[in-house]
Amino acid sequence: MKPGLPRLAVRAVILHHDRLLLVNAWPAAADGTRPDLWCAPGGGVERGQSLPDNLRREVREETGLAISVGAPCLVNEFHDPQSGFHQVDVYFRARLEGAGILDAAWRDPAGVVSLRRFVSRDEMAGLRFKPDSLPSVAWGGG
């Protein structure tokens with residue numbers, strides 16, 4: 001990526017039995033601890049693939065699940081001037097293909113995601129997650 005250009009990423013808003021799929025998508029620290037910040041599954045866009053194709057690949061890698069990609073529902077920008085990190089996330093509504101069972105034996109091939117879970121709207125109140133608007137995007141309302 002050229003300096004100064006934001007990184008483009010795609011993320012999936014997946015509700016299954018009224019529970020939102022979240023991942024802890026930050027690598028472990030040197031001491032093995034993991035951040036407690038949760039997000040919707042997804043990741044960086046690879047050139048030459050459509051946004052939906054990128055999202056299907058990322059969700060499969062991070063969760064082991066197959067999805068159908070729907071309409072965009074949120075655009076979120078993160079910019080940290082101090083580090084220079086700048087990312088634009090395009091969130092899409094998505095549906096699971098299949099039963100939506102998270103296999104305990106599955107591992108992220110990139111080794112980034114180690115935790116995946118479906119959470120209720122009430123459970124989200126006890127979690128740290130980004131972006132702050134995720135519950136209202138997933139379930140509607142305020």
Side-chain angles (χ1 to χ4, degrees), residues 1-29 32-142:
M1 176 169 35
K2 294 179 182 176
L5 291 179
R7 176 180 190 250
L8 180 62
V10 287
R11 299 210 174 270
V13 176
I14 302 167
L15 283 175
H16 181 62
H17 300 296
D18 204 35
R19 296 172 73 81
L20 180 64
L21 180 59
L22 296 178
V23 297
N24 184 356
W26 282 267
T33 59
R34 288 207 165 263
D36 65 346
L37 188 62
W38 294 85
C39 66
V45 168
E46 293 180 3
R47 291 178 57 93
Q49 292 183 3
S50 70
L51 296 182
D53 285 347
N54 272 282
L55 186 55
R56 280 188 285 275
R57 173 186 45 78
E58 286 288 339
V59 170
R60 170 78 74 184
E61 289 173 2
E62 291 188 354
T63 69
L65 300 171
I67 61 167
S68 299
V69 179
C73 57
L74 173 68
V75 174
N76 189 72
E77 179 182 32
F78 176 79
H79 181 232
D80 179 11
Q82 190 171 21
S83 71
F85 183 76
H86 189 186
Q87 180 165 298
V88 175
D89 292 303
V90 180
Y91 288 73
F92 290 84
R93 297 209 181 276
R95 285 182 296 110
L96 294 175
E97 294 180 350
I101 297 170
L102 295 171
D103 181 356
W106 174 89
R107 297 291 176 260
D108 176 3
V112 175
V113 171
S114 63
L115 303 171
R116 317 157 286 149
R117 65 188 276 204
F118 288 98
V119 299
S120 70
R121 188 168 191 164
D122 288 343
E123 289 172 316
M124 285 199 74
L127 298 175
R128 282 191 343 117
F129 56 85
K130 288 295 179 192
D132 296 340
S133 61
L134 193 53
S136 63
V137 170
W139 286 282

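Nothing here was measured: the structure is a model prediction, and the numbers come from that model.
- When every heavy atom of A66 is checked against every heavy atom of R60, the shortest pair comes out as CB-NH2, 3.3 Å.
- Screening residues 68-97 for salt bridge (Lys or Arg N to Asp or Glu O under 4.0 Å), with sequence neighbours left out, gives R11-D89.
- A distance of 5.5 Å separates CH2 of W38 from CZ of R117, quoted to the nearest 0.5 Å.
- Closest heavy-atom contact between P41 and I14: CG-CD1, 4.5 Å.
- Pairing each heavy atom of L134 with each of A40, the nearest pair is CD2-N, 4.2 Å.
- A distance of 8.0 Å separates CG in L96 from OG1 in T63, rounded to the nearest 0.5 Å.
- Panel note: side chain E62, backbone G42; a donor-acceptor pair is recorded below 3.5 Å.
- Taken to the nearest 0.5 Å, the CG atom of L55 stands 11.0 Å off from the CD atom of Q49.
- Within the model, atoms NE2 of H17 and OG of S120 stand 14.0 Å from one another, a figure rounded to the nearest 0.5 Å.
- For the pair F78 and P131, the minimum side-chain heavy-atom distance is 4.5 Å or more.
- Residues that satisfy the side chain to side chain contact (heavy atoms under 4.5 Å, CB included) test with L51, not counting sequence neighbours, are L8, V10, V45, F92.
- Each salt bridge (Lys or Arg N to Asp or Glu O under 4.0 Å) pair with one or both residues in residues 38-53, not counting sequence neighbours, appears once here: E46-R57, D53-R56.
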May I have the list of side-chain donor-acceptor pairs in residues 99-113 shorter than 3.5 Å, sequence neighbours left out?
from : atom 1 : to   : atom 2 : distance (Å)
D103 : OD1    : A105 : N      : 2.9
R107 : NH1    : A104 : O      : 3.0
D108 : OD1    : A110 : N      : 2.9
D108 : OD2    : V112 : N      : 3.1
D108 : OD2    : V113 : N      : 2.8

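- Between N24 atom CG and C39 atom SG the span is 7.5 Å, to the nearest 0.5 Å.
- Considering all non-hydrogen atoms of both residues, V90 and P72 come closest at CG1-CB, 4.4 Å.
- Residues forming a salt bridge (Lys or Arg N to Asp or Glu O under 4.0 Å) with R19 (at least two apart in sequence, or on another chain): E123.
- When all heavy atoms are compared, the tightest approach of G44 to N54 is O-OD1, 3.9 Å.
- S133 approaches L74 most closely through the heavy-atom pair OG-CD2, 3.8 Å.
- To the nearest 0.5 Å, the span separating CG on L22 from CE on M124 amounts to 5.0 Å.
- Listed by first and then second residue, the salt bridge (Lys or Arg N to Asp or Glu O under 4.0 Å) pairs involving residues 124-135 are D36-R128, K130-D132 (not counting sequence neighbours).
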